[in-house]
Protein chains: 2
Amino acid sequence: MAASVGRPSRVAKLPPRERILDAAEELFQSEGIRRVGVQTIAERAETTKMAIYRHFETKDALVAEWLRIVAAEYQAAFDRVEAEHPGRPGDQILGLARFIAEGLPAISHRGCPFINSIAELPDRSHPARQVIEKHKAHQAHRLVGMCTEAGLRDPEQAAAAITFVLEGAQVSTHNGSIDQAGDRLLGIVEGILAHHRSPLGESRASTDGTARAV
Amino acid sequence: MAASVGRPSRVAKLPPRERILDAAEELFQSEGIRRVGVQTIAERAETTKMAIYRHFETKDALVAEWLRIVAAEYQAAFDRVEAEHPGRPGDQILGLARFIAEGLPAISHRGCPFINSIAELPDRSHPARQVIEKHKAHQAHRLVGMCTEAGLRDPEQAAAAITFVLEGAQVSTHNGSIDQAGDRLLGIVEGILAHHRSPLGESRASTDGTARAV
DNA sequence: CCCGAACGATACCCATCGGTATCGTGCAGC
DNA sequence: GCTGCACGATACCGATGGGTATCGTTCGGG
């Protein structure tokens with residue numbers, strides 16, 4: 001096995017492109033994008049700068065590709081949670097919350113890659129920014145779908161609340177202002193689901209059903 | 001008026017230190033910390049690099065001082081909201097949410113200074129990091145106090161939920177995944193308050209009153 | 001009136017960064 | 001066995017970064 005192609009040295013080494021992406025992942029995640037030089041990535045990947053530029057047009061393209069991979073992992077979490085709780089959108093949402101909650105300990109070190117990257121890349125034309133924004137929009141849309149399927153009252157508002165809470169848990173974990181954020185997060189999401197399942201929200205909701213963006 | 005000291009040229013010019021801080025504020029906020037050079041700050045402040053280093057030990061110290069000022073502005077918002085609604089902690093919390101909601105349009109351009117800065121400064125020993133973390137911890141504590149005074153059930157959990165939502169609204173506004181975030185935010189905070197005011201939360205809360213982190 | 005401190009301007013130092021050019025090497029397929 | 005090509009290594013380039021040294025000037029208080 002693993003003998004088809006590429007056995008450059010001893011211990012089965014991944015092809016250069018994979019090693020580069022792995023190294024970039026670790027370094028970008030732990031040190032930030034702008035703090036990490038291409039040279040450093042090359043060393044960590046046990047290759048050279050030239051090899052990186054043979055596989056990626058620019059450093060920005062490498063960053064974008066990395067975020068594309070991270071986004072795919074989050075998408076996979078969505079898929080997994082849907083597969084684990086078919087036809088039970090409420091459990092799917094709780095599964096997502098659990099997924100985020102389980103990631104919080106890692107987040108506390110260096111934070112969410114999307115939040116960090118967007119902070120490091122102010123120009124909206126940056127390819128990585130577009131990857132992030134497209135991913136976030138897609139996730140938001142998918143979450144609204146779950147909330148709708150769950151029969152929640154005002155699914156868009158519920159999805160917004162859940163999104164806020166998931167993002168906020170990561171931020172607050174990273175800046176250390178709230179501990180046990182994982183447990184709290186799960187409870188809060190349960191509360192949001194319950195709140196939007198109850199026949200009528202109490203917060204000055206009228207009976208017109210439109211719920212005027214409350 | 002404004003003639004006591006400092007009238008270097010014509011149009012009343014602030015003293016160099018203030019101009020430097022103003023310039024740093026604008027540039028750090030719009031471009032990010034690491035993208036902005038000291039030289040650029042000097043030009044924007046209509047002074048020179050040397051003048052900056054006469055007032056601040058290092059660039060890092062300038063960053064920390066800027067964040068100290070921003071933190072003070074948020075503290076002022078807390079103070080103001082307390083003064084506007086004395087003895088009405090629920091209204092105070094809603095006032096805070098309104099304060100954040102009103103800031104969201106600006107946030108959508110470049111995001112929250114704390115979130116961005118913490119993303120740009122991975123080393124926890126950085127002076128600016130300590131400013132941020134101390135500020136966030138203080139805010140969290142103050143918010144718990146408000147929730148307690150409001151007689152909310154499980155005030156720490158309520159404060160965590162509100163914190164998450166406030167932070168998350170900024171993140172989601174910045175990455176563009178949710179629009180009308182301001183209106184949504186206010187409704188969500190109202191919902192959290194209502195949820196924690198109701199005699200017993202529905203989400204599998206038992207009668208022991210401890211509400212096991214839900 | 002004069003002296004000292006703050007200020008403005010310029011030039012400089014050294015490190016790092018993204019990106020490129022060049023040359024050598026080892027392996028694959030014909 | 002030979003050729004082509006991806007790869008490895010090194011040196012280099014221009015730009016920019018934070019930070020310092022050294023000037024002359026200006027302005028305010030004794």
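Residue numbers start from 1 in every chain, and the chains themselves are labelled A, B, ... in the order their sequence lines are given, proteins ahead of strands. Atoms considered below: every heavy atom in the structure, side chains included; atoms not considered: hydrogens, waters and symmetry mates. Since this is a predicted model, take the numbers as computed values, not measurements.
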Show, in sequence, the C-alpha distance, side-chain angles and deciding distance for B:Y74 and B:F99, and conclude whether the ring pair (Phe, Tyr, Trp, His ring centres under 6.0 Å) test is met. CA-CA 9 Å; B:Y74 278 73; B:F99 170 73; 5.7 Å; yes
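- Using a 4.0 Å cut-off, some side-chain N or O of A:T47 falls inside it from OP1 or OP2 of D:dG8.
- Atom CZ in A:R19 sits about 10 Å away from atom C1' in D:dG8, given to the nearest Å.
- Taking atom CD1 of B:I20 as the reference point, atom P of C:dA6 lies 14 Å away to the nearest angstrom.
- The number of heavy-atom neighbours closer than 6.0 Å to CD of A:E57, taken from other residues, nucleotides and ligands shown, is 12 or below.
- Regarding contacts with the backbone of D:dA6, every side-chain N or O of A:H55 stays at 4.0 angstrom or more from both OP1 and OP2.
- In this structure, the OH atom of B:Y53 is 16 Å from the P atom of C:dG8, given to the nearest Å.
- Rounding to whole angstrom units, NZ of residue A:K59 and C1' of C:dT16 are separated by 11 Å.
- Straight-line distance from the CD atom of B:E31 to the C1' atom of D:dG17: 16 Å, rounded to whole Å.
- Rounded to a whole Å, the CG atom of A:L62 is 15 Å from the P atom of C:dC17.
- Residue contacts for B:R54: at a heavy-atom cut-off of 4.0 Å it reaches a base atom on one of the strands shown.
- Atom CD1 in B:I41 sits roughly 16 Å away from atom P in C:dG8 (whole-Å rounding).
- A donor-acceptor contact under 3.5 angstrom links the side chains of A:R142 and A:Q75, judged on distance only.
- Across the protein-nucleic acid pair, B:D60 atom CG and D:dG19 atom C1' stand 12 Å apart, rounded to whole Å.
- In summary, the side chains of B:S177 and B:N175 do present a donor paired with an acceptor at a separation below 3.5 Å, with no hydrogens or angles considered.
- Along DNA chain C, the nucleotide closest to A:E57 and the one closest to A:T40 are compared, and the more 5′ of them pairs with A:T40.
- Looking at which nucleotide of DNA chain C each of A:V38 and B:K49 is closest to, the 5′-most match is held by B:K49.
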